[in-house]
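One structure is given below, encoded as structure tokens.
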Amino acid sequence: MATKASRTAARIMMAPAVILLLGWMLVPLIMTLWFSFRNYLPLRGGDLGFAGFDNYVRFVTSSAFWPAVMATMIIVVGTLVITVVLGVLLALLLDQPMWGQGIVRILVIAPFFVMPTVSGLVWKNMFLDSVNGLFAHIARFIGATPVEWMIEAPFFSIILIVSWQWLPFATLILLTAIQSLDSEQLEAAEIDGAPKIKRFWYIIVPHLGRAITVVILIQTIFLLSIFAEIYVTTAGAFGSKTLTYLIFQRVLESQNVGLGSAGGVYAIILANIVAIFLMRIVGKNLDS
């Protein structure tokens, strides 16, 4: 049993790490809040004084704000649908005994370790390019006209690239959940004559409920800040400008740090609203 002295010693030893962690989180947040209330233009006079809520009003009333929020939601929802559905199917496949199972699992998980900029450039130039891309060669081989993916289907292209990156993560979590399923339940259902579809829908899917909510929660938090894939593919053109990319444009391209900081605060608020909503769903699933 821990004594009062040992607990005090533990707190003292943990204090430097806690202080460093708090500083790591709070200092950027405080600076963002500070600049969001300032007219700070680095190349046009520097700090021009207090702006009040003008930056917040200008950012949210901008014609690009709501389209950026909508683009963010489309990419997040599209990626979640693809990664969850294909993640379940891949997890079921990888759970089956096969030759070279370990190698196959490594290959499936490998895309998760590729940097976003690298995967974006690879997909853009090797697969989606309308002249030399793999899809263009396949289209010409079957007599069809190659598609300008980044122009004609920017959302589909970005969702495809991001899903390819996050599918291994979803697969790994769901595979772990499937392997924890009691095989006696499936065997009993099979003996009772239940077809595979019903065994999947009434036994496997409910068992995966918690894992799916965890996947959705973690991926949503990260996908709300998607940037690199858009930067190296469409550069925010053709309606693919997300909230994060809009903030980047305001800060670096327009050199308006105050306006971009206000956008950053909006992004933080949006991310926290979504996270709280999803955390409640996760909590209900864990309690059930």
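Remember, predicted model here, so these are calculated numbers, not experimental data. Excluded from the calculations below are hydrogen atoms, water molecules and symmetry mates; all remaining heavy atoms, backbone and side chain alike, are included.
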Audit row: N39, N55, side chain to side chain contact (heavy atoms under 4.5 Å, CB included) steps and yes/no | CA-CA 8 Å; N39 281 320; N55 288 325; 4.2 Å; yes

Please report the closest heavy-atom contact between A177 and H207, naming both atoms and the distance.
-> O-NE2, 2.9 Å

Kindly determine whether L172 and F112 satisfy side chain to side chain contact (heavy atoms under 4.5 Å, CB included), including the steps that lead there.
-> CA-CA 10 Å; L172 185 61; F112 187 65; over 6 Å; no

Mind listing the closest non-hydrogen atom pair of A68 and L246 along with its distance?
-> CB-CD2, 4.1 Å

Okay, side chain of Y231, backbone of T117: is any donor-acceptor separation there less than 3.5 Å?
-> no

Does one hydrophobic cluster hold both I273 and L217, with members joined at side-chain heavy-atom distances below 4.5 Å?
-> yes

Could you check F65 against L243 for side chain to side chain contact (heavy atoms under 4.5 Å, CB included), going step by step and ending with a plain yes or no?
-> CA-CA 7 Å; F65 176 74; L243 185 58; 3.9 Å; yes

Nearest heavy-atom pair of S261 and S36: which atoms, and what distance?
-> CB-N, 3.6 Å

Can you hop from V69 to F238 via hydrophobic side chains spaced under 4.5 Å?
-> no

Look up atom CD in E229 and atom CD1 in I159, then write down how far apart they are to the nearest 0.5 Å.
-> 12.0 Å

Shortest non-hydrogen pair, G120 vs I161, comes out as CA-CG2, 4.0 Å

N/O donor-acceptor pair under 3.5 Å between N256 side chain and R250 backbone = no

Co-membership, hydrophobic cluster, residues W164 and F222, 4.5 Å side-chain = no

Is any side-chain heavy atom of T72 less than 4.5 Å from a side-chain heavy atom of T244?
-> no

Give, for atom CG of N132 and atom CE of M126, the distance between the pair rounded to the nearest 0.5 Å.
-> 11.0 Å

Where do M150 and L128 come nearest, in terms of heavy atoms and distance?
-> CE-CD1, 3.4 Å

Between CG of L26 and CE of M31, what distance do you get to the nearest 0.5 Å?
-> 13.0 Å

Short question: side chain of S62, backbone of F59 - any donor-acceptor pair under 3.5 Å?
-> no

Distance from R38 atom CZ to L259 atom CG, nearest 0.5 Å?
-> 15.5 Å

Would you say L160 and L167 are hydrophobically clustered, going by side-chain heavy atoms of ILVMFWY under 4.5 Å?
-> no

From W34 atom CH2 to I30 atom CD1, the distance as rounded to the nearest 0.5 Å = 12.0 Å

In terms of hydrophobic clustering (I, L, V, M, F, W, Y; side-chain heavy atoms under 4.5 Å; direct or indirect links), are Y266 and F248 co-clustered?
-> yes

Residues 79-86 side chain polar contacts: donor-acceptor under 3.5 Å, at least two apart:
from : atom 1 : to   : atom 2 : distance (Å)
T79  : OG1    : I75  : O      : 2.7
T83  : OG1    : T79  : O      : 2.7
T83  : OG1    : L80  : O      : 3.2
T83  : OG1    : Q219 : NE2    : 3.0

Side chain proximity check, V76 to V274, heavy atoms < 4.5 angstrom | no

Side chain proximity check, Q179 to D95, heavy atoms < 4.5 angstrom = yes

Run the side chain to side chain contact (heavy atoms under 4.5 Å, CB included) check on I173 and I218 step by step: do they pass?
-> CA-CA 11 Å; I173 300 297; I218 296 176; over 6 Å; no

With sequence neighbours left out, write down each residue that passes side-chain hydrogen bond (donor to acceptor under 3.5 Å, both in side chains) with K241, or none if nothing qualifies.
-> Q249

Counting heavy atoms not belonging to F50, are there more than 12 under 6.0 Å from its CZ?
-> yes

Is the side chain of S119 donor-acceptor paired with the backbone N or O of P116 at a distance under 3.5 Å, no angle test?
-> yes

L29 vs M25 side-chain heavy atoms within contact, under 4.5 Å | no

Are side-chain heavy atoms of V122 and F127 found at a separation under 4.5 Å?
-> yes

More than 12 foreign heavy atoms under 6.0 Å from CE of M115: is that the case here?
-> no

State, with a plain yes or no, whether a side-chain heavy atom of L223 is found less than 4.5 Å away from one of W166.
-> yes

Is the side chain of N272 donor-acceptor paired with the backbone N or O of I268 at a distance under 3.5 Å, no angle test?
-> yes

Can you find a heavy atom in the side chain of W123 that is under 4.5 Å from one in the side chain of T233?
-> no

V147 versus F135: any side-chain heavy-atom pair under 4.5 Å?
-> no

Between CG of L93 and CD1 of I178, what distance do you get to the nearest 0.5 Å?
-> 10.0 Å

All heavy atoms of P146 vs all of S130, minimum pair found to be CB-O, 3.5 Å

